[in-house]
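Following: one structure in structure tokens, then a few remarks.
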2 protein chains.
Amino acid sequence: MKALADILAELSRGGFRITRARRSMIEVLIGSRLPISAEGLLASLIKQRVPANKTTVYRELNFLKERKIVQEIQFLHERVKRYEVVFGSHHHHLICMGCKSVEDVELDGELEKYERDIMKSRGFKVLNHALEFMGLCEACR
Amino acid sequence: MKALADILAELSRGGFRITRARRSMIEVLIGSRLPISAEGLLASLIKQRVPANKTTVYRELNFLKERKIVQEIQFLHERVKRYEVVFGSHHHHLICMGCKSVEDVELDGELEKYERDIMKSRGFKVLNHALEFMGLCEACR
DNA sequence: TTGCTATTGCAACTAAGTTGCATTAATATG
DNA sequence: CATATTAATGCAACTTAGTTGCAATAGCAA
């Protein structure tokens, strides 16, 4: 995963400013073990006494998304979107319907096989995918 | 896939009423080649001169969802939810980012293998999953 | 035909996110 | 350091998607 300093340097090089709010938001996103919602991010800033505002949070999340620094995730059982820092390796989620916890899983090499098959049999070029598993974690079973 | 008459009979047996709006909504859902949104469904009813209302549409979709007659789908690139009649065989979608068309794919036996692996290695019992592929269809490549 | 109650429609509401615009503050430059 | 430029911010008002309370309507069993 990228470190805070790398992300800030990249943005700075791009002519963007490193504001208090921006730095804190990226910090929270990096520190969050699970994808976080806009509302959660705002709450986190307020708790840290970083002056921030709903509009700023949404704008920053879109900004970071456009720059591929974060990615947006839509869990099927929720209405809000969540965000997480883009990892080197793409991964998926195991969402527990009992305790609502979320774990990561990687299984990518294998999905790529499907994507080649889809290309071969349908002529459809897969550029991206979304996959999540819903069920019960070890503790909730 | 289930036929209209089967669905209506099932509901009737359950003590629910076969109203004009309900019948038409199920017809539209069955006839829709692709998952349809609440708004699209309402528009379709109005075009057919079936008196209907936003509230009724949302309520009926929730009703049908609870009874597992339709399933809700959230495409990653959209904010609205879509609905489709539950097929015997579970399937996934290929969403073209060019023309926004949606095709179905089936690849289930294979995903189940992942799910067994996840159970074995993580103790997480998968009950359901959501998978969609985004890319470019044959015509748009 | 009638009574029971499932279903409907309206208007008002909520939740999540967006937009316009005037203000503030990073930062490059002298 | 001082300051000009303009990226970023905050506010209020708005939009979109979906929900709720309640009184009115209409399936359908008897």
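Chain naming here is simple, since letters A, B, ... match the order of the sequence lines and numbering starts at 1 in each. On a predicted model such as this, the values are computed, not experimentally measured, just so you know.
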**Report entry** Residue pair B:His129 / A:Glu132, side-chain donor-acceptor N/O under 3.5 Å
**Finding:** no

Report task. Compute both the distance and the angle, then confirm whether B:Arg67 meets the cation-pi test with B:Phe63: under 6.0 Å from the six-membered ring centre, within 45 degrees of the axis. Result -> yes

**Report entry** From C:dT7, D:dT19, C:dA25, nucleotide with atom closest to A:Arg17 side chain
**Finding:** C:dA25

Query raised in the report: Hey, is the side chain of B:Arg59 pairing donor to acceptor with the base of C:dG9 inside 3.5 Å?
Result: yes

Requested in this report: Salt-bridge test for B:Glu138 and A:Arg122: reply yes if a basic N is under 4.0 Å from a carboxylate O, no otherwise.
Outcome: no

Report summary line: Here the distance between atom P of D:dA8 and atom CG of A:Asn62, to the nearest Å, is 14 Å

Report summary line: In whole angstroms, the gap separating C1' of D:dT16 from CD of B:Glu78 amounts to 14 Å

Query - Nucleotide D:dA8, atom P - distance to CG of A:Leu61 in whole Å - result: 14 Å

Query raised in the report: Over how many whole Å does the gap from B:Arg82 atom CZ to D:dA17 atom P extend?
Result: 11 Å

Report summary line: Separation of C:dC10 atom P from B:Leu42 atom CG, nearest Å, is 11 Å

Query raised in the report: Is it true that A:Arg82 and A:Glu72 have a side-chain N and a carboxylate O under 4.0 angstrom from each other?
Result: no

Query raised in the report: To the nearest angstrom, how far is A:Asn53 atom CG from C:dG17 atom C1'?
Result: 13 Å

**Report entry** Selection from C:dG20, D:dG21, D:dA8 that lies nearest to any side-chain heavy atom of B:Thr55
**Finding:** D:dG21

Requested in this report: With heavy atoms under 4.0 Å as the rule, sort B:Lys81 into base, sugar-phosphate or nothing.
Outcome: sugar-phosphate

Query raised in the report: B:Val80 has a side chain; which of D:dT9, D:dT19, D:dG18 sits nearest to it?
Result: D:dG18

Query raised in the report: Is the shortest side-chain N/O distance from B:Tyr58 to OP1 or OP2 of D:dT19 below 4.0 Å?
Result: no

Query raised in the report: Are the aromatic ring centres of B:Phe75 and B:His93 under 6.0 angstrom apart?
Result: yes

Query raised in the report: In whole Å, what is the span from the CZ atom of A:Arg20 to the P atom of D:dT9?
Result: 12 Å

Query raised in the report: Rounded to the nearest Å, what distance is computed from the CD atom of residue B:Glu39 to the P atom of nucleotide D:dT15?
Result: 15 Å

Query raised in the report: With nearest nucleotides of DNA chain D determined for A:Arg22 and A:Arg79 from heavy-atom distances, which residue corresponds to the more 5′ nucleotide?
Result: A:Arg22

Report summary line: Of B:Lys54 and B:Pro51, the one whose nearest nucleotide on DNA chain C sits closer to the 5' end is B:Pro51

Query raised in the report: Just checking B:Thr19: base, sugar-phosphate only, or nothing, at a heavy-atom cut-off of under 4.0 Å?
Result: sugar-phosphate

Query raised in the report: Using a cut-off of less than 4.0 Å, is there contact between a side-chain N or O of A:Thr56 and OP1 or OP2 of D:dG10?
Result: yes

